[in-house]
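A short worksheet on the structure shown next.
Proteins come first, then strands; the chains are lettered A, B, ... in the order of their sequence lines, and each starts at number 1.
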Amino acid sequence: MSSFHQPTLFSFLNGGNKKNNKKKDNECNNNEKKPNATTSKEETGLKRKIIDKNKEEELNESNNKNVKKTNDTSLKEEINLKKRKIINDDNEEKEVFKKPKSTDTSMDIDENTNSQDSTKIKKAEKKTLTIFGSQDSEYQDFNWKAGEPVPYAVLCKTFENIENTTKRIKIQDYLTKLLVAIIKLSPNNLLETIYLCLNRICPEYEGLELGIGETILIKAIGEATGRSAKSIKTDIEKQGDLGNVAQMSKSNQKTLFKPKPLTVPAVFKGLKEIAMFTGNQSQTRKINKIKGLLIACNGNEPKYLIRSLEGKLRIGLAEQTVLMSIGQAIVLSENMEKRKSKERLESEITKAIETIKSIYSELPSYDIIIPALLENGIQNLSSICKLTPGIPLKPMLAHPTKSLTEVLNRFENLTFTCEYKYDGERAQIHKLENGECRIYSRNMENLSNKYPDIVERIPRIAKNDVTSFVLDCEAVAWDKENKCILPFQVLSTRKRKNVEAGDISVQVCVFAFDCLYLNGKSLIKKTFKERREALHNSFTPIEGEFTFAKNVNANNVDEIQTFLEQSVNDSCEGLMIKTLEVDSSYEPSKRSRNWLKVKKDYISGGIGDSLDLVVIGAYTGRGKRTGSYGGYLLACYDNENEEYQSICKIGTGFSDEQLEKHTEFFKQHIITKPKPYYRVGDAKPDIWFDAVQVWEVKCADLSISPVHQAAVGLVDPVKGISLRFPRFLRIRDDKTPEMATTSEQVADMYNQQVVISKNNAASQSGGVDDDFEY
DNA sequence: GTATACTAATTGC
DNA sequence: CTCAGACGCATTCGG
DNA sequence: CCGAATGCGTCTGAGGCAATTAGTATAC
């Protein structure tokens with residue numbers, strides 16, 4: 001009913017005093033531990049098993065887990081910590097969620113001063129209110145005064161809180177609390193804070209990147225702490241995260257003098273500067289800047305600073321949650337002094353979250369939204385920030401489905417339509433009122449300079465009375481001579497920057513499927529039926545340059561099945577299925593995955609490719625896969641040379657349980673050097689294995705590979721073949737490694753792909769393929 | 001000094 | 001891009 | 001009738017291949 005929940009409000013109001021909270025949490029843990037531990041034995045499921053297994057450690061260490069976290073290096077501890085987190089969350093669930101709920105009712109009688117509970121809440125509320133402008137605050141330890149820059153430590157403390165829970169409402173809560181305080185104390189820092197939470201430095205469409213990777217970070221950490229790159233690398237394997245390694249290296253190090261504490265704006269400015277270093281010696285300058293920041297870090301700051309630089313905060317906080325927190329925080333901060341009923345606040349927050357999400361999906365720029373929000377409040381925001389040609393909007397995405405029956409179940413009794421899913425690059429085409437044309441990618445990067453050929457043709461696709469528009473399309477590599485679609489791999493060879501019309505080697509055809517804005521009006525709230533009519537009425541196809549996506553308004557399985565097969569036969573990936581009327585607006589904020597996609601490889605036993613491959617190596621896992629192998633190297637068997645040829649790595653498709661089992665199993669088959677009959681090209685795994693097990697693996701396509709060696713010499717003289725989107729299906733215990741898929745089979749599968757065989761046929765006959773029409 | 005080869009980073013799917 | 005896990009929410013099931 | 005179980009959608013973070021680009025190191 002409402003996305004805002006009472007525990008959120010309660011814990012927010014009650015969270016005024018950090019020390020009280022902490023104490024309470026500990027009490028909860030102590031009280032809950034024993035009953036929880038005993039009941040867990042009767043329960044099944046992995047989660048429960050983990051709890052049981054680690055019960056003892058949990059009892060001993062739960063109270064000083066933060067201390068442990070920063071000081072303990074061993075792998076075992078890290079894993080325990082991971083599991084402990086689950087247990088803590090379990091306890092939280094019992095305490096934090098039940099207790100506030102029981103007080104909910106008293107919140108309802110807002111003015112009832114007789115109730116003991118409600119007086120408690122008032123006290124809590126009062127404490128929260130005193131945050132602002134006084135020393136007695138949640139953030140008092142950080143010496144943060146109104147009007148002054150937000151200390152980086154405050155942000156990192158919030159990150160730590162967030163990282164230590166998996167509860168989404170709680171995460172949202174921690175961030176909201178911080179944002180409210182910032183709005184009240186240092187509103188100028190709100191924008192920077194939000195960017196740091198999201199690990200970004202500017203709107204996506206501005207395209208500024210950090211240009212920092214692991215290698216440079218290792219160098220910087222090494223120089224800042226006096227450690228060798230090699231020892232840092234071994235630590236990463238143990239700790240699974242460069243941020244943790246930096247934290248460790250830093251805490252072991254004694255600093256001679258204390259630099260001024262970091263602030264949020266200073267860190268943000270530092271990141272932006274790093275991003276803007278270019279040209280000769282820029283890497284050295286980046287390293288020096290990082291070193292400077294690192295040296296100024298205190299407490300847990302190195303961990304989060306380094307993770308920010310890595311581009312992955314990995315604390316369970318991302319865009320959607322940040323947006324919700326912004327909405328919640330702005331309402332709460334606007335109503336701090338007012339006494340509004342719980343219901344009233346709740347509904348205002350729900351509405352604000354909806355508003356923020358929808359505004360952001362139409363105009364994904366915090367640079368614009370946040371200042372407008374601070375200045376004008378949430379009420380007038382949608383009149384200031386709205387869909388504008390020239391600024392990309394968040395694209396609608398599709399939900400994968402496993403079968404056509406699933407599609408029919410979901411869209412039962414609704415009118416829907418099926419479209420070809422072309423294998424190319426998403427292209428959002430904008431024409432501004434002033435005539436300027438731009439193209440944006442799925443991630444809102446500006447592609448105008450990549451596709452000058454498309455930009456040039458944009459004015460010709462619209463009918464005369466059209467002044468401005470935004471279209472949603474797919475750009476697909478196109479063979480002009482034979483009038484057929486080329487593989488994605490061909491498209492990706494196009495230059496990306498400073499493309500001159502003259503040096504375009506790969507032609508593209510644009511397949512349009514939606515119209516989001518037309519002649520000064522946004523169409524996103526209209527039904528897809530209406531939008532598609534607008535598209536078809538206002539634009540004209542040009543052969544080989546601009547076409548509408550092929551579609552059929554079928555509604556029975558047979559028809560759709562035929563259309564699906566036809567799409568694959570026409571070199572497409574499968575179908576997109578969209579409702580025409582009900583719930584068919586283009587509002588990614590509502591449901592970003594409102595469309596369904598049926599890809600040929602999803603359908604089990606169907607057209608999709610599945611291979612039986614041998615495991616010959618592995619890579620150490622990072623993050624939540626620390627302590628197990630995060631990915632494996634697979635090979636096919638070559639009869640001719642009696643060797644195993646690498647075909648791909650694989651890192652998805654297995655459950656946590658399987659992942660652990662694989663790790664256990666393959667630890668018994670480690671070999672120190674690769675066998676002479678392993679041919680792996682540049683795919684060097686961290687650990688080599690004896691060829692003992694066969695895995696069934698599924699993929700979407702096969703491609704010519706610059707690294708892997710499968711079927712080398714059969715399709716390409718020097719290059720092998722690899723798999724696109726590989727995923728683990730199951731262990732094939734019935735097969736020995738010699739019975740794995742062979743190189744010949746791999747080569748055959750490659751050649752049998754429609755898009756390959758069609759093009760081979762076309763280039764051999766030199767004529768137009770008659771079966772191929774648009 | 002300039003051309004070339006290599007590596008790391010980013011981005012598409 | 002694929003996939004699994006955790007969470008939150010809604011609905012159904014069973015004592 | 002209420003709490004437990006179940007099912008579904010969303011969100012997040014693990015992991016994949018292959019291409020260009022930018023910066024650096026090396027060779028001539």
Side-chain angles (χ1 to χ4, degrees), chain A residues 1-3 5 7 46-47 85-86 89 93 97 165-172 207 209-217 240 277-284 286 311-321 324 397 399-400 410 423-427 441-443 445 447 450 474-475 487-499 573 591-594 597 599 601-602 619 621-626 628-632 634 647-659 683 697-708 719 721-729:
Chain A
M1 209 162 285
S2 135
S3 61
H5 312 279
L46 180 65
K47 193 171 151 187
K85 192 165 151 181
I86 296 169
D89 281 356
E93 189 178 315
F97 276 73
T165 182
T166 50
K167 299 268 182 291
R168 296 226 290 254
I169 290 177
K170 252 195 130 180
I171 291 174
Q172 186 188 334
E209 296 302 326
L210 277 174
I212 295 284
E214 197 171 272
T215 324
I216 291 179
L217 277 176
F277 285 139
T278 54
N280 196 17
Q281 290 301 298
S282 59
Q283 298 202 346
T284 319
K286 284 181 184 184
K312 277 179 164 187
L313 223 34
R314 34 177 304 268
I315 56 175
L317 175 73
E319 188 118 71
Q320 295 309 309
T321 315
M324 292 201 271
L397 304 173
H399 181 90
R410 278 167 184 267
D423 190 7
E425 183 172 9
R426 192 85 174 252
S441 77
R442 175 196 143 115
N443 293 318
E445 301 280 331
L447 298 181
K450 179 178 176 183
E474 188 85 5
F488 176 77
Q489 207 173 3
V490 172
L491 179 71
S492 67
T493 62
R494 270 185 72 123
K495 292 228 178 316
R496 288 207 278 254
K497 294 192 169 169
N498 307 316
V499 180
E573 290 185 291
R591 284 160 94 199
S592 165
R593 295 190 139 74
N594 219 7
K597 59 179 167 185
K599 289 182 45 169
D601 54 297
Y602 296 160
Y619 303 83
R622 302 285 182 92
K624 58 185 171 192
R625 298 221 177 140
T626 305
S628 6
Y629 297 128
Y632 293 83
L634 301 181
I647 188 165
C648 68
K649 295 195 281 177
I650 196 155
T652 194
F654 12 68
S655 63
D656 288 2
E657 204 177 357
Q658 285 173 325
L659 204 64
V697 163
K698 189 178 247 212
C699 68
D701 291 301
L702 292 91
S703 56
I704 298 288
S705 171
V707 262
H708 295 289
K719 289 178 177 176
I721 286 172
S722 188
L723 308 183
R724 191 183 188 197
F725 311 140
R727 58 262 201 198
F728 172 85
L729 287 185

Rounded to the nearest angstrom, tell me the gap between atom [atom1] in [X] and atom [atom2] in [N].
X: L217(A); N: dT7(B); atom1: CG; atom2: P; value: 20 Å
X: D601(A); N: dG16(D); atom1: CG; atom2: P; value: 18 Å
X: I169(A); N: dC7(C); atom1: CD1; atom2: C1'; value: 8 Å
X: Q658(A); N: dG15(D); atom1: CD; atom2: C1'; value: 15 Å
X: Q489(A); N: dG16(D); atom1: CD; atom2: P; value: 18 Å
X: D656(A); N: dA6(C); atom1: CG; atom2: P; value: 7 Å
X: K497(A); N: dA9(B); atom1: NZ; atom2: P; value: 15 Å
X: E445(A); N: dT20(D); atom1: CD; atom2: P; value: 18 Å

Side chain of [X] only, heavy atoms from C-beta on: which candidate in [options] is closest?
X: Q283(A); options: dG23(D), dC3(C), dT10(B); value: dG23(D)
X: S282(A); options: dG23(D), dG9(D), dT2(C); value: dG23(D)
X: T215(A); options: dC13(B), dG13(D), dA9(B); value: dA9(B)
X: S655(A); options: dA4(C), dG9(D), dG15(D); value: dA4(C)
X: K495(A); options: dT11(B), dG9(D), dT21(D); value: dT21(D)
X: P706(A); options: dC11(D), dG16(D), dA19(D); value: dA19(D)
X: T321(A); options: dT10(B), dG13(D), dT12(D); value: dT12(D)
X: I216(A); options: dC13(B), dA9(B), dG9(D); value: dA9(B)

Is [X] close enough to [N] that one of its side-chain N or O atoms is under 4.0 Å from OP1 or OP2 there?
X: H708(A); N: dC17(D); result: yes
X: S705(A); N: dA18(D); result: yes
X: R727(A); N: dC3(C); result: yes
X: K649(A); N: dG16(D); result: yes
X: K167(A); N: dC7(C); result: yes
X: N280(A); N: dG23(D); result: no
X: K286(A); N: dT24(D); result: no
X: T493(A); N: dA19(D); result: no
X: T166(A); N: dA6(C); result: no

Side-chain donor/acceptor of R593(A) to base of dT10(D), under 3.5 Å:
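Absent.
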
Do the side chain of R496(A) and the base of dT20(D) come within less than 3.5 angstrom through a donor-acceptor pair of N or O atoms?
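Present.
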
Starting from the 5' end of DNA chain D, give me the residue, L723(A) or S592(A), whose nearest nucleotide shows up first.
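In this pair, the answer is S592(A).
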
Would you kindly compare V707(A) and H399(A) by the position of their nearest DNA chain D nucleotide and give the one closer to the 5′ end?
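The residue mapped nearer the 5' terminus is H399(A).
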
Table of protein N/O atoms under 3.5 Å from nucleotides 3-6 of chain B N/O atoms:
none

Name all residues meeting the salt bridge (charged side-chain N to carboxylate O under 4.0 Å, His left out) criterion together with [X]; count only those two or more places apart in sequence or in a different chain, and write none if there are none.
X: E214(A); result: R622(A)
X: R593(A); result: none
X: K450(A); result: E425(A)

Answer with base, sugar-phosphate or nothing: what part of the nucleic acid does [X] contact at a heavy-atom distance below 4.0 Å?
X: F654(A); result: sugar-phosphate
X: K719(A); result: nothing
X: T652(A); result: base
X: L491(A); result: nothing

Ring pair (Phe, Tyr, Trp, His ring centres under 6.0 Å) partners of Y629(A), counting only residues at least two apart:
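Residues passing ring pair (Phe, Tyr, Trp, His ring centres under 6.0 Å) with Y629(A): Y632(A), F689(A).
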
What pairs with F728(A) under ring pair (Phe, Tyr, Trp, His ring centres under 6.0 Å), at least two apart in sequence or on another chain?
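Expected list: F654(A), H662(A), W695(A).
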
Honestly, is R724(A) close enough over F488(A), meaning NZ or CZ under 6.0 Å from the six-membered ring centre and within 45° of the axis?
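Verdict for F488(A): a cation-pi partner in R724(A).
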
